[in-house]
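Order of the sequence lines fixes the chain letters, A, B, ..., with proteins taken first and strands second; residue numbering starts at 1 for each chain. Keep in mind it's a predicted model, so treat the numbers as computed, not measured.
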2 protein chains.
Amino acid sequence: MSNPPLRRRVSPAIPPAAPRRVTIREVADLARVSIGTVSNVLNNPFLVAPVTRERVLGAIAETGFVRSTAAHQLRGGKSRSIGVVILDVANPFFTEMVRGAEQALRDEGYVLVLCSTDESAERERHYLRLLEEQRVAGVLITPAERELDALVALAGRGIPTVLLDREAGGHALCSVTVDDVRGGELAAAHLFELGHRRIAFVNGPSSIRQCVDRRRGARRAARQLGLVPDEAVVELTVPALTIEHGEQGTERLLQVTPRLDAVMCANDLLALGVLRGLATAGIKVPDEIAVVGYDDVAFASMLSPALTSVRQPKFELGVAAAELLLEESRSHAHEHREVRYEPELVVRASSQAAPHPRTAAASSARRRTQS
Amino acid sequence: MSNPPLRRRVSPAIPPAAPRRVTIREVADLARVSIGTVSNVLNNPFLVAPVTRERVLGAIAETGFVRSTAAHQLRGGKSRSIGVVILDVANPFFTEMVRGAEQALRDEGYVLVLCSTDESAERERHYLRLLEEQRVAGVLITPAERELDALVALAGRGIPTVLLDREAGGHALCSVTVDDVRGGELAAAHLFELGHRRIAFVNGPSSIRQCVDRRRGARRAARQLGLVPDEAVVELTVPALTIEHGEQGTERLLQVTPRLDAVMCANDLLALGVLRGLATAGIKVPDEIAVVGYDDVAFASMLSPALTSVRQPKFELGVAAAELLLEESRSHAHEHREVRYEPELVVRASSQAAPHPRTAAASSARRRTQS
DNA sequence: GTGAAAGCGCTAACAT
DNA sequence: ATGTTAGCGCTTTCAC
């Protein structure tokens, strides 16, 4: 494994001087027309005589001219980029949503400017400012910031903004969500039904709404069974919803809570970390401890053991958000809407010793509702 | 599971009229200064008297003014965005690289414009054009296009371009790569050592260089053992490196190739799909068929069975690429460099029936070489 | 069908 | 310390 360092050097084909940008002016000169005509072949080709058009096209090709969005936009054109602000690029839940949004937006000629805040409100503010300076045509965002005022203001300044996986709570914004309270309830209820009476909830920071809601759901499930939430659901808060924090959290959990028979995680990344931590500690899942995750990301079903999780329609969330955004950007006299999906529990091996792991809600219809 | 549709309607707080953008002019008027002064508090605050500065800042806050990147850039300012073009946002390999690049670039004040081509050369061209129109400060790209000419031209037009996970092959471009031939060789050699004499290689399209190289490596491994590559390595080509195609590919594989004892996959996503397909078909891994993946993404070690894979320094690749880009954008008299990493085989349960799955190369140093 | 010219919002050089 | 002004590259009337 000790390869000698590779030495390779590519001689620069371009002279050290910074290349000057080709402008419409040079194209015009080369084609011997006015810049207005060049602009026309770019924007209204049919207004230009075929011969002239060809000449101009030739000049464009020859010079390598590429029009400047800056100048275009300044002169009144609309931007073709949409800011997408998410909590974590490394989380498949978000990337699936992004894929949905991208698919819906690409056909309309938009590019996505993807910003990952890593759950930092400060970084979120930074990115939002940059996006606004760029006059993006819209913003899709899963806020890290608890307060939505800045987003309402952003929308007020003419940048259509749609909340991704976060409800507007009375604010004048469109949103696409999944019922996280219900999801948390499904997960916890499942563990209680299995007979567990004291479950650990590995959760993220309370600044993240999803975490708060899932916790509420878990406690609701406890209450409904006549249990005392504070006793039935023991919460361990980790700084971020990542594999690493799930793994580290597990160590703390095992120290603090000696007798533990079930762990519920705020998302699948944490659950993966927890599974890892438990494996390291030599604890068998589900025989000794049951584990459930949240999101049902692609790899959940193939983990060892297969992970019980709460499924969310990730791709659809992205598509729906993109559609709301397009709608909003087309008509300013638009009423804000909240699209809401229902989560679905998918039971697998990690939460049951049963020999035949099956999908509990396999045939249940996922329901999409909106107002 | 049949919840009644939610009805909720948020009344618009903003009047239907499209809000007009606040310009520097209005801020100046409100603060009773000239636009030049406003510009100065924005760009050279120290040149402005504290009293005036406060007044202007107040006016900015009051009006909600946000400077236009378009006008700024037009006037000669540099863009603060960097285009990142990857093959697939849903692939953890790429998102890890992106995270590395983001971390390195964020501190310098850049935002990433993330474009996922889904391995389509056409979409790549489309995105590159948009990025160039935006005059991005640079481009990091894993090309879907086989030819690099367009990228060399792009760099020639003044947009620093760095290849991600693709070598320049004599072209005047910087690149960051991992030795994929070696990686393919490691994976195949491992299977041959296990005694398998006929392995299936589930590979992506040959337009993707990674696929070509890994294949070459596999065939080289065969040759080194005195085997006939065409017989020892049976290739199945799937349209894209995704879980879905891995799963579908497995079905075809099982029909076409009756006696099969090992499968090597061009990446972990495919391998995950293959594992799924085999599980569906009731075939035991590794007892009946051994499986190895490529990339060693985060979930590989936790799959059932844990996946043997070829590890690549994903995050570091992103960081290194970002650094090359920054270097190139700072000095135009810059010599292109090729940074190259070595891959590392990580043996786990999916390729051995051994009771104690261990990391084979756990202690081997990852070596970074560059010219 | 083509050209001339105004101006988008801003920065920077120059005046005051 | 602040104001004035000339463009940056383009689109878009409006003449010709």
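- Residue pairs meeting the side-chain hydrogen bond (donor to acceptor under 3.5 Å, both in side chains) criterion with at least one member in residues 146-162 of chain B, sequence neighbours excluded, are B/Glu132-B/Arg157.
- In this structure, the salt bridge (charged side-chain N to carboxylate O under 4.0 Å, His left out) partners of A/Arg106, at least two apart in sequence or on a different chain, are A/Glu102.
- Residues passing the side-chain contact (heavy atoms from CB on, under 4.5 Å) test with B/Ala121 are B/Arg125, B/Glu145, sequence neighbours excluded.
- Among residues at least two apart or in separate chains, there is no side-chain hydrogen bond (donor to acceptor under 3.5 Å, both in side chains) pair with a member in residues 44-65 of chain A.
- Rounded to an integer number of Å, the gap from NZ of B/Lys78 to P of D/dC8 is 16 Å.
- Along DNA chain D, the nucleotide closest to B/Arg135 and the one closest to B/Ala49 are compared, and the more 5′ of them pairs with B/Ala49.
- Inter-axis angle, ends of the helix from C/dG1-D/dC16 to C/dT16-D/dA1, five pairs per end, rounded to 10 degrees: 40°.
- With sequence neighbours excluded, the residues that form a side-chain contact (heavy atoms from CB on, under 4.5 Å) with A/Arg80 are A/Tyr110.
- Looking at B/Thr69 and A/Gln134, their side chains never bring a donor and an acceptor atom within 3.5 Å of each other.
- Nearer to the 5' terminus of DNA chain D, by closest-nucleotide assignment, is the contact made by B/Thr52 (compared with the other of B/Thr52 and B/Leu74).
- B/Arg99 meets the side chain to side chain donor-acceptor pair (under 3.5 Å) test with B/Glu96; sequence neighbours excluded.
- In this structure, A/Phe46 reaches neither bases nor backbone, as no heavy-atom distance under 4.0 Å exists between it and the strands shown.
- B/Arg32 meets the side chain to side chain donor-acceptor pair (under 3.5 Å) test with no other residue; sequence neighbours excluded.
- Remark: B/Ser81 engages B/Ser79 in a side chain to side chain donor-acceptor pair (under 3.5 Å) (not counting sequence neighbours).
- Boundaries of the chain A contact region on DNA chain C are C/dG1 to C/dG9, first to last in 5' to 3' order (nucleotide atom under 4.0 Å from a heavy atom).
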Item to check | Under 4.0 Å protein heavy-atom contacts per nucleotide of nucleotides 11-16 of chain D, with B for base, S for backbone only and - for none | outcome: BB----
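- For A/Asp88, there are no salt bridge (charged side-chain N to carboxylate O under 4.0 Å, His left out) partners, not counting sequence neighbours.
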